[in-house]
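What follows is one structure encoded as structure tokens, with my remarks underneath.
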Amino acid sequence: MPAKRRYWLLKSEPDVFSIDHLLKAKGKRTCWDGVRNYTARNFMRDDMQVGDGVLYYHSNAKPPGIAGVAKVVKEGYPDPTQFDPKDSHFDPKSKPEDPRWMMVDIQGVAASPSFVPLDDLKANAKLEAMAVVQRGQRLSVQPVTPAEWREVLRMSGLKGKVDL
DNA sequence: GCCAACGTTGGC
DNA sequence: GCCAACGTTGGC
């Protein structure tokens, strides 16, 4: 019996790495390195599974919102940037024999035919409990419920076009 | 560019 | 183990 599929929201600044960057990357894949928050780390280390669906959220954008969909293609493993003194995400307290920070790999699936702005997420009563619409919510890796996933896919124009 | 909200750090 | 100070996030 395969494990139950889960859904997630990942934030990325489009100036740094947008959904288009992801879809043009080799194999449409990337490693999700640089996360330095324990809650986000725990989700990646403990809960994200191959095949899970990912809402790709553009933060610090004008406007912010859901720009596409991706999926998890590799489960949690150590983020090498934590050991690289030249990397901005270097963590001198983390040791290779006991890595502190983990990452997953994701693969782009599709850009939203209709970008879903944060304002539209906030205006949708079905999404009022969604983490990303909560005031002060900064977590860059957030769980998404199946109902939220379906509703956001419907809003994005991807419903029925994505096998997730 | 501002600043509210939040997570982390470190002195005690 | 408290909590003030600090750094970061991210909408606006």
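Naming: A, B, ... by sequence-line order, numbering from 1 per chain. The figures here come from the full heavy-atom set of this structure, side chains too, leaving out hydrogens, waters and symmetry mates.
Residues T81(A) and R36(A) bring a donor and an acceptor atom of their side chains to less than 3.5 Å of each other.
Under the 6.0 Å distance and 45° angle rule, K86(A) does not count as a cation-pi partner of F90(A).
Ring orientation note: the planes of Y7(A) and W149(A) are close to parallel, at an angle under 30° on the 30°/60° scale.
The side chain to side chain donor-acceptor pair (under 3.5 Å) search around N42(A) returns R45(A), not counting sequence neighbours.
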What string of B, S and - do you get for nucleotides 3-12 of chain C 5' to 3' if you count protein non-hydrogen atoms under 4.0 Å?
----BBBBBS
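In summary, D79(A) and R100(A) do not engage in a salt bridge, as defined by a charged side-chain N under 4.0 Å from a carboxylate O.
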